[in-house]
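In what follows, a structure is listed as structure tokens, so that the remarks can point back to it.
To find a chain, count down the sequence lines: A is the first, B the second, and so on, and within it residues start at 1.
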Amino acid sequence: MEYKFNEIEQKWQEQWKKGKVYKVYNDSPKPKYYVLDMFPYPSGAGLHVGHPLGYIASDIFSRYKRLKGFNVLHPMGFDSFGLPAEQYALETGQHPATTTEKNIATFKAQLDKIGFCYDWEREVRTSDPQYYKWTQWIFLKLYNSYFCNTQQKARPIEDLITKYETQGNKNFTREQWNAFTKKEQEDVLMNRRLAFSKYGEVNWCEALGTVLANDEVVNGVSERGGHPVVKKKMRQWYLRITAYADRLLAGLETVDFSDSMKEMQRNWIGKSEGAEVTFKVVKRESSGVSTELTTHHSPLTVYTTRPETIFGVDFVVVAPEHDLVNEIKSAEQAAAVDEYVAYVKSRSDVDRMAEKKITGCFTGAYAINPFDGKEIPVWISEYVLAGYGTGAIMAVPCGDERDFKFAQHFNIAITNIIGSHYTGEEANPTKEAILENSGFLNSLLMKDAIGIAVNKMEELGIGKRKVNYRMRDAGFSRQRYWGEPFPIVWSDGIAIPLDAEELPLELPHVDTYGPGPEGEGPLANIKDWVDVGRNTPCGVFNTNTPQGVILQKGRRETSTMPGYAGSSWYFLRYMDPNNANEFCDRKASDYWNQVDLYIGGTEHAVGHLLYSRMWTKVLFDLGLIGYDEPFKKLLNQGMIQGSSRFVYRVRGRNIFISPNRINGSITEEESQRTGLVDLKVEVDPMHVDVNIVDGVELKIAEFKKFKNGEYANAEFILEDDKYFCGVETEKMSKSKYNTVNPDELCEKYGADTFRMYEMFLGPVEASKPWDTKGIEGVHRFLRKLWRLFNDDLKGKVWNEEKATDAELKVLHRTIKKIEEDTGRFSFNTAVSTFMICVNELADMKCNKKEVLEKLLILLTPYAPHIAEELWSQLGNSGSILDAEYPEFNAALLVESSKEYPVSINGKLRTNLTLALDIDQKEVEELVLQNEIVQKWLEGNAPKKIIFVKNKMINVVL
RNA sequence: ACUCGGGUGGUGGAACUGGUAGACACGCAGGACUUAAAAUCCUGUUCGCAGUAAUGCGAGUGACGGUUCAAUUCCGUUCCCGAGUACCA
């Protein structure tokens, strides 16, 4: 009987489906384990071999955990809102829901072919109204919550309202609050809500009449069409993720992410500790008139991480967009300042990055150093960013590279406060110098002086400690169609949330997916949908108003939520996917708790992973779930790149030259056949489908059919009668003809081979180019395994004889190794372990059920179909999924004596067989008696003899 | 520029806390079976030198140096590749 993998796999996939063997229950006496994959966006292109890498790894681990006695949740779903479907709709008029539906069906069929153990009854789709109902619901929770700074957690906004009504706050009294209009109250509250709306800058493309996401803007122009993009202020929704900066940072200590992943998140959050320092400012005119600016009580505040360098400040730089610029510019400098500000406005981010010119403009104002009264010029320059810190800095050229260059460029005198550490050639950012020219800080070590300087500033009321974050609040609205609509109605400038009963607010039908007016999204085109009359209890905003219900005209929010909205909480929905009354039953989320193992790519390091961590924290704060970190362990799978193949075509001709022949000599026959005189010709490299190349050798017959026979009449200049292709590693993509379809591999070698080969390729975390060549090796292994049970001619060969110790030893060594390898996600070495085991059993001609049965259980997670088939052939009735995981017998591996390598000064010289229970003294004697050791010793006594870890012996001369 | 990864045969990659570097597989070479092919099996395969041979000697994990009886592994310097961030004061 042969190994007919196609039949076997189809048979078992059907049986598993019929028997619902992957159905997961929320109650079980077993301990739980939650394995999650980052769910895919169902693109039209379908899966290529790069996608399933992580899914295979998680599937193996889920099955392994199940065998080890856990109740395992391993779900799959689709992140089905997103731009490509909308773009496709724009081009073809097909509704995104239709194409999405179709794509999902393709994905599911492909996934099922590989034999994953998903419980499809738990599938979630972010674009399903029954799902996004709860995305909207959580959004309303975010909207109706604020971050309490004293408790460092989210609380219902009502708590804040109550506080304002009874105590007021530092800006207004209780009486003032109660006298505010509803709009004024709402504006105050909006500044505290976790989901809030404000005017913010967006990338506006006039030509396309739409707002673009950052990644749709390339080099200052739109990715599609290449139209110019400018910054425009529009009302936008945001998530107050900055409020959670500290907790997001602290939470990293409690989760098992890779160091680089944690580092990326830390960098993104960008916490820095420093101080805000206030400078008085005087404006000087050439007429001699000078005015001290008193319009603000703190006219100019800068942020610095190096307050101890305060005596080294030679100028102050303010961001050109800073509010103060207009106020402080002198009459004389006004024109220059305006011109500079206009110049900066004209420059896109990309311009700035492309040419880092030193630019700036003096304002005519001077800041007064609060300690020594020195007057220092105030400049504006684009190198200071309006959005970070206070938008103004104190420049210390002797210690900061950028300040130094600026000072040099504009000839500003530099004060040296670090003595010999500063050479005048370049800035030195050391903290180890002794301060000079620094008033009361003189002769202090810089890092010690930091605290002293801030203390003094706080004492004098001219500065205070301040922590800043690089992270910004996350933009939460998109001017798009294919996303969750906001459950918000605007009325008189007030955002009114829908009631929970009104959810889901479903996406309405649109006739066009093009942008709406004024940069609004497509939804703005549907007047009937946008304009609503709403019954709104007017007392919600002001308890002093008499209760009552009035009819209020409103206008719906027309933007939709971004892609990450639905993916920020999907791991919770899997726990209780069909709950119509709650986003997730608390019992279910308490049971499944955190995701024990989360597998996905690094590309979501600072997006999805931060947002979902924040949402989890908010839900935790509001008491809706019982933990505040969603993912206990994160495993990052590497990217599988494509390995592209190239052929080289003679320019303008249908002739292809094998690379090594280019510029070489041509034979008479070739010359006649092709009409070429020599091979010193211009060639163009051209992508050729990797599937018609065997290694690097082009399959010429198939190439002639490539691109519908475009090259049917091509001529070739070969080497050794073969055409060798050029190779390059690139991203896998259809247009590069380097994609390999998993379906075809499953068809040709079987899903089990495919699964094991993907793992065998290397560590899951590593990125590597795909190469189909080695797959034969894995396939051979499975066939060899099959032959331990069945002979192609004789049929069944397995038997029920008793296994020998040697055979059991092979088995138990394998059990031990597989458990270690699987446990530390080293799936590639596990595959090798299986190969070694099967090779050894085959060598021993061991066909014994006793051994083979256990081996099958070990193999189940990796190659479930063949394991299940052989398991049933052995006469077992149930599914191998519920088999008992074999226990490793350590006693079997113990030997009575062992051969130890003996090295002299670390260099291997001989071997020595010793009994196991031998002690150090006996070892020494036996080693000294050894001939070869004696030869090396030449009569000298060794310094010492080291018996290392029961593994080897080293003699030190 | 900064931060984090990583450099091991012709190739993908093993070597878990320092302990016989190159497991396993691909490829390649040779052989067996076969009329032939496929399939299968066996042998060899880091490099250099010596030998008919079994084998022996030496070098070897990007480069240089250090710690150690012993370094792919730890430390320092340096080069290269990948990822992320980018004027964050």
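Contacts of A:Leu761 with the nucleic acid, taken as non-hydrogen atoms under 4.0 Å apart, involve only primed sugar atoms and P, OP1 or OP2. Within 4.0 Å of A:Ser260, counting heavy atoms only, lie sugar-phosphate atoms of the nucleic acid but no base atom. Using a 4.0 Å heavy-atom distance criterion, A:Arg824 is classed as a sugar-phosphate-only contact. Contact annotation for A:Asn468: no contact, since no heavy-atom pair falls under 4.0 Å across all strands. Using a 4.0 Å heavy-atom distance criterion, A:Pro763 is classed as a sugar-phosphate-only contact. A:Asp403 comes within 4.0 angstrom of nothing in the nucleic acid, heavy atoms only.
Surrounding NZ of A:Lys431 are at most 12 heavy atoms belonging to other residues, nucleotides or ligands under 6.0 Å away.
Classification of the A:His779-A:Phe5 ring pair by plane angle, with boundaries at 30° and 60°, yields perpendicular. In this pair, A:Phe61 and A:Phe825 present their aromatic rings tilted. The plane angle is within the 30 to 60° band. Ring geometry for A:Phe406 versus A:Tyr383: interplanar angle of 30 to 60°, hence tilted.
Checking the phosphate oxygens (OP1, OP2) of B:A25, no side-chain nitrogen or oxygen of A:Asn828 falls inside 4.0 Å. At B:A89, one or more side-chain N or O atoms of A:Tyr388 fall inside 4.0 Å of OP1 or OP2 (strictly under the cut-off). Contact check, A:Ser272 against B:A89: a side-chain N or O comes under 4.0 Å of OP1 or OP2.
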Could you encode protein contacts along nucleotides 38-43 of chain B as a string, one character per nucleotide from 5' to 3', using B for base contact, S for sugar-phosphate-only contact and - for no contact, with a heavy-atom cut-off of under 4.0 Å? -SSSS-
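When each of B:C24, B:U20, B:A89 is scored by its nearest atom to the side-chain atoms of A:Ser832, the top-ranked nucleotide is B:C24. If you check B:C4, B:A14, B:G12 against the side chain of A:Thr829, the one that comes closest is B:A14. Side-chain atoms of A:Lys768 lie closest to B:G13 of the nucleotides B:U3, B:G13, B:G84.
Rounded to a whole Å, the CG atom of A:Leu634 is 19 Å from the P atom of B:C4. Regarding A:Asn636, its CG atom lies at a distance of 12 Å from the C1' atom of B:G84, rounded to whole Å.
Nearest-nucleotide positions on RNA chain B for A:Pro769 and A:Met471 put A:Pro769 closer to the 5' end. Where A:Val831 and A:Arg470 meet RNA chain B, the nucleotide closest to each residue was compared, and A:Val831 sits on the side nearer the 5' end.
A distance of about 22 Å separates the P atoms of B:U35 and B:C42, rounded to the whole Å. Separating the C1' atom of B:A21 from that of B:G9 is a span of 11 Å, rounded to the nearest Å. Taking the P atoms as reference points, B:A14 lies 11 Å from B:U8, given to the whole Å.
Taking the six-membered ring for Trp and the full ring otherwise, the centers of A:Tyr757 and A:Tyr749 sit at least 6.0 Å from each other.
Among the candidates A:Gln408, A:His409, A:Glu382, the single residue satisfying the side chain to side chain contact (heavy atoms under 4.5 Å, CB included) test with A:Ile358 is A:His409.
One side chain, A:Tyr469 or A:Asp246, offers a donor N or O that lies under 3.5 Å from an acceptor on the other. When only modelled atom types and interatomic distance are considered, A:Tyr303 and A:Ser272 share a side-chain donor-acceptor pair under 3.5 Å.
With a 3.5 Å ceiling on both atom-pair distances, B:A53 lacks any Watson-Crick or G-U wobble partner.
Taking 90° from 0 as the syn/anti boundary, the base of B:G9 is oriented syn.
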